[in-house]
S.K.: 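Before anything else, here's the structure in question.
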Amino acid sequence: IRRILRTVCTPYCLFNCCVQLFGCSAAAQVKTSRETKGQFLSVNMAFSVGVMSAMYLTKGITGAHLNPAVSLSFCVLGQVQWGRLVPYCLSQLLGAYVASALVYLVYYDAIMDFSGGDLTVYGPNETASIFATYPSEYMTLGRSFLDQVVGTGMLMLCILCLGEKRNTPAPAELIPPIVAVIVLGISMSMSGNCGAAINPARDLGPRLFTLTAGWGTEVFTCYDYWFWVPLVAPPIGGVMGTFMYLIFIEWHLPDPDQPDNDSALSISETIKQPGPTWEKDVELKSSHF
């Protein structure tokens, strides 16, 4: 038990707790101040800083997994053992729940002042969106599902190349800020419809907290039981993005032991060198450099 807690549960719990604490705190600040102390971009940037900080914090221990969809994709690739998937996901979920509780305690007075003590999912004074993601009024379940699939697929497509030595690998020490920028780009461009959860633990952990903290079952029943979309769509999108990377990028990269024939330069030229008593052709051939 001690070994499991040391090598798996505790680091992953701390990782997701760090990410959620940054992001949800920013969401609480922006929401309860009615955007006088931050804007929509503030939340996006805070989540990205949380990702970068958490990766630097735990990368040497856990490989910095924070997303069940990403963990599943690496299991499909054979880079993570399938037996680790469930413990990873549970730890990520626990970290998100704990972070939501901390945000609630820190911003309790602001939340109560903003909402008038009425914790709801709907209306101008709703506060549930501080913690979990919810769709815009115009979104259907089908479009919401597609939104999450595309966002998570882009995430996997962009991060899988970072360690590929046959392409343009990123320096190991710069991977956390690069991943943070990728997350920032996705959240800035694909969060208008559904909040860009792209992470089942990031959504379910806070949603479970709001269920137990006073928002009630409405956090699961609202918008035609929309809660299952950020649980199911991101893993599908992550696996699809992984296969897109394999089919369109990885399988076309040159073998590390094979010379690159396309860039090889072949030159063949003949130079005649006369001698004092004889003449002969000296053929100098240069190929493949």
S.K.: Between His252 (side chain only) and Ile247 (backbone N and O only), is there a donor and an acceptor less than 3.5 Å apart?
M.R.: yes
S.K.: Give a yes or no on whether the backbone of Gly192 and the side-chain of Ser136 come within a donor-acceptor separation of less than 3.5 Å.
M.R.: yes
S.K.: Between the side chain of Asn199 and the main-chain N/O of Ala201, is any donor-acceptor distance below 3.5 Å?
M.R.: yes
S.K.: At what distance, to the nearest 0.5 angstrom, does CD of Gln20 lie from SG of Cys18?
M.R.: 10.0 Å
S.K.: Less than 3.5 Å apart, which donor and acceptor atoms pair up between the side chains of residues 156-184 and the rest of the protein, not counting sequence neighbours?
M.R.:
unit_1 : atom_1 : unit_2 : atom_2 : d
Glu164 : OE2    : Arg166 : N      : 3.1
Glu164 : OE2    : Arg166 : NE     : 3.0

S.K.: Would Leu21 end up clustered with Met52 when hydrophobic side chains under 4.5 Å apart are linked, directly or stepwise?
M.R.: no
S.K.: Is the shortest heavy-atom distance from the side chain of Glu126 to the side chain of Val121 under 4.5 Å?
M.R.: no
S.K.: Are Thr217 and Leu211 close enough that some pair of their side-chain heavy atoms sits under 4.5 Å apart?
M.R.: yes
S.K.: Do side-chain atoms of Asn193 reach the backbone of Met139 as a donor and acceptor pair under 3.5 angstrom?
M.R.: no
S.K.: Using the ring of each side chain (for Trp, its six-membered ring), is Phe131 parallel, tilted or perpendicular to Phe209, with breaks at 30° and 60°?
M.R.: tilted
S.K.: State whether the side chain of Ser42 and the backbone N or O of Gln39 hold a donor-acceptor pair below 3.5 Å, judged by distance alone.
M.R.: yes
S.K.: Using only heavy-atom distances, determine whether the side chains of Ser144 and Tyr223 contain a donor-acceptor pair under 3.5 Å.
M.R.: no
S.K.: I need the Tyr138 OH to Arg143 CZ distance, nearest 0.5 Å.
M.R.: 12.0 Å
S.K.: Whether the side chain of Arg207 engages the backbone of Ala128 through a donor-acceptor N/O pair (distance < 3.5 Å, no angle test) should be reported.
M.R.: no
S.K.: Which value, rounded to the nearest 0.5 Å, describes the distance between Phe40 atom CZ and Glu35 atom CD?
M.R.: 9.5 Å
S.K.: Answer yes or no: is there a side-chain heavy-atom contact under 4.5 Å between Phe22 and Val103?
M.R.: no
